[in-house]
Structures are given as structure tokens and as C-alpha cells.
**Q** 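I'd like to ask you about the structure that follows.
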Amino acid sequence: MKIKKTEFPATSVLFKGKNDFDYIDSFVGDLPDCHRKIDIAEIGKAFFTSGPKWGKKMFAFRNKVVGLLGLKTGSETDQLKDAEHFTCEVGERVGLFKVFDKTENEIILGEDDKHLDFRISLLFNGHQNLPDHHSLTISTTVKYHNWLGVLYFLPVRPFHKLIVPALLKNIAGEIGK
């Protein structure tokens, strides 16, 4: 599967606020040879169960460090247990991630905290000319509230650019089963 950096999709629910974000990135990957209807909730669930192992370790380390600073960690819930029962409804939460919006082909996850707000768009597109060919775009937006948000995201940014393509590849593998 080929993953590539792409422009922020104009079809995303988040696109209308594009100019308000301090950071935006988008990665797209094809989901070829999928001969069944894919529900957006299935993609949302795969988001929580398909992360690379090294990414999960980094997230656990992040939670330990930011917990000392009084930032949200999402550790109040059992993320894997919650992911199994995730129905992808607005307001639902798995770990640090809350569902902010949901359409037929997009889920908006994220969190608001004192240092920054972030949103993750999982945008699923079917191709009309190729009914068995679909793509998934994962977009991330960040809005800083203060210098702590800028400082926090400085070391996160390069790892984020590695984790998202790996996650996208794993989601594609999970959905393609």
C-alpha cells in the first residue's frame, strides 16, 4: 500500500476552519480490492486497534511526562477495552480521544486541553469509477493556546509524521481483511 502526504481535503468537515489552525497535515492511502461496504465506524474502531507497537510505547511515555504537567492523558479509561465497544457516536470517548463529529464518511476525533486543541479526521472515500477501490485520508489539525502548546508540539511533530503513515498502513491492512 502506498501512503503519501496530500493536501488537506476540501471535503473534510474541518476544512471550513482551515485558516484557524496552527498546524495541518494530511496523509492518504488507497484501500484497493475491498469487495464489501465499509462503515465509517469500522474505520474509527480500526484507528484505535491498529497503531504501531512503537507508537503505543511512545504514547505511553508521553502520558507519563505530560501527566506531570497536569495535561490530559486519557489514562482514566482502558483504551483497548473501550475500543472493543466503540460505536463511534458523537461525544463517545476512547482514552484521550473524543468523537467531535461524524458523517457517513468521516469521523472527527480529538481533545481540547489548556495548551492546545487537536482534531484528527478519518475521511473515507469510495471511488465511483472503481467500486472496489477506496481511500482513507488521515488529517491532523492543531490549535495552540499558549507557549506550552508550541513547546509541547515541537518534539511531537517529527514523530507524528512517522506514526500517522504507519497507522494508516495498519488500518488499511485491518479493513482489507
Side-chain angles (χ1 to χ4, degrees), residues 8-9 11-28 38-52 55-125 136-146 148-153 155-157 159-168 170-171 174-175:
F8 191 68
T11 56
S12 173
V13 170
L14 296 173
F15 189 80
K16 64 182 173 261
K18 180 180 174 185
N19 294 331
D20 297 331
F21 303 121
D22 297 307
Y23 174 83
I24 296 174
D25 72 19
S26 298
F27 293 88
V28 65
I38 298 172
D39 183 90
I40 193 65
E42 182 181 356
I43 291 172
K45 193 173 202 175
F47 173 83
F48 292 108
T49 59
S50 300
K56 291 174 185 176
K57 290 178 182 178
M58 290 185 69
F59 201 71
F61 175 74
R62 172 243 178 239
N63 285 344
K64 288 180 183 177
V65 172
V66 302
L68 298 172
L69 300 172
L71 302 178
K72 294 180 181 178
T73 65
S75 62
E76 303 79 24
T77 62
D78 179 357
Q79 188 166 345
L80 289 178
K81 180 181 174 204
D82 287 350
E84 290 174 13
H85 300 98
F86 182 63
T87 59
C88 194
E89 295 305 319
V90 173
E92 192 174 7
R93 178 176 293 283
V94 175
L96 183 64
F97 301 90
K98 175 182 172 184
V99 178
F100 279 89
D101 204 344
K102 175 184 171 185
T103 68
E104 186 176 293
N105 69 325
E106 185 176 25
I107 301 170
I108 305 298
L109 303 164
E111 185 57 89
D112 296 340
D113 208 341
K114 59 187 170 187
H115 65 307
L116 59 76
D117 298 342
F118 74 92
R119 298 292 183 271
I120 297 170
S121 162
L122 305 173
L123 181 63
F124 175 72
N125 287 312
L136 177 62
T137 303
I138 299 180
S139 300
T140 305
T141 66
V142 178
K143 176 68 179 162
Y144 306 126
H145 293 304
N146 51 41
L148 181 58
V150 175
L151 188 62
Y152 166 85
F153 199 64
V156 169
R157 188 177 185 159
F159 293 106
H160 169 79
K161 290 182 178 191
L162 295 173
I163 289 173
V164 173
L167 175 63
L168 185 51
N170 290 352
I171 291 172
E174 183 71 25
I175 298 296

**Q** Any salt bridge linking D112 with K143? Criterion: basic side-chain nitrogen under 4.0 Å from a carboxylate oxygen.
**A** no
**Q** Can you tell me how far apart OG1 (T11) and CG (N125) are? Round to the nearest 0.5 Å.
**A** 5.5 Å
**Q** Can you check whether Y152 reaches V156 side chain to side chain, under 4.5 Å on heavy atoms?
**A** yes
**Q** With side chains defined as the heavy atoms from C-beta onward, is the minimum distance between F47 and I120 less than 4.5 Å?
**A** yes
**Q** Taking only residues two or more places apart in sequence, or in another chain, which ones meet K98 in a side-chain contact (heavy atoms from CB on, under 4.5 Å)?
**A** R93, F100
**Q** Counting C-beta onward and ignoring hydrogens, is there a side-chain heavy-atom pair between T103 and F124 closer than 4.5 Å?
**A** no
**Q** Under the side chain to side chain contact (heavy atoms under 4.5 Å, CB included) criterion, do E111 and D117 qualify, and how do the steps go?
**A** CA-CA 6 Å; E111 185 57 89; D117 298 342; over 6 Å; no
**Q** For the residue pair L123 and L136, establish whether any side-chain heavy-atom pair is separated by less than 4.5 Å.
**A** no
**Q** Check the pair K45, C88 against side chain to side chain contact (heavy atoms under 4.5 Å, CB included), reporting the backbone distance first and the verdict last.
**A** CA-CA 8 Å; K45 193 173 202 175; C88 194; over 6 Å; no
**Q** Just checking, is any N or O donor in the side chain of E174 or T49 under 3.5 Å from an acceptor N or O on the other one?
**A** no
**Q** Looking at every non-hydrogen atom in both residues, tell me the closest pair between T137 and P9 and how far apart they are.
**A** CG2-CG, 3.8 Å
**Q** Once you round to the nearest 0.5 Å, how far does CD of E89 lie from NZ of K102?
**A** 4.0 Å
**Q** Which atom names give the shortest non-hydrogen contact between A41 and D39, and what distance separates them?
**A** N-OD2, 2.7 Å
**Q** Quick check for you: to the nearest 0.5 Å, what is the distance between L122 atom CG and E106 atom CD?
**A** 8.0 Å
**Q** In Å, rounded to the nearest 0.5 Å, how long is the span from CG of L167 to OG of S50?
**A** 6.5 Å
**Q** Roughly how far, to the nearest 0.5 Å, is CZ of F27 from CD1 of I163?
**A** 11.0 Å
**Q** Do we see a donor-acceptor contact under 3.5 Å between the side chains of S139 and S121?
**A** no
**Q** State, without any angle test, whether D25 and H160 hold a side-chain donor-acceptor pair at a distance under 3.5 Å.
**A** yes
**Q** Could you check I175 against E42 for side chain to side chain contact (heavy atoms under 4.5 Å, CB included), going step by step and ending with a plain yes or no?
**A** CA-CA 8 Å; I175 298 296; E42 182 181 356; 3.7 Å; yes
**Q** Please round to the nearest 0.5 Å and tell me the distance separating atom OG1 of T141 and atom CD1 of I108.
**A** 8.0 Å
**Q** Output, in order, the C-alpha distance, side-chain angles, deciding distance and verdict of side chain to side chain contact (heavy atoms under 4.5 Å, CB included) for L148 and F153.
**A** CA-CA 8 Å; L148 181 58; F153 199 64; over 6 Å; no
**Q** Does F118 form a ring-ring contact (aromatic ring centres under 6.0 Å, His included) with F97? I'd like the steps, not just the answer.
**A** CA-CA 10 Å; F118 74 92; F97 301 90; 5.8 Å; yes
**Q** Any non-hydrogen side-chain atom of F8 less than 4.5 Å from a side-chain atom of K18?
**A** yes
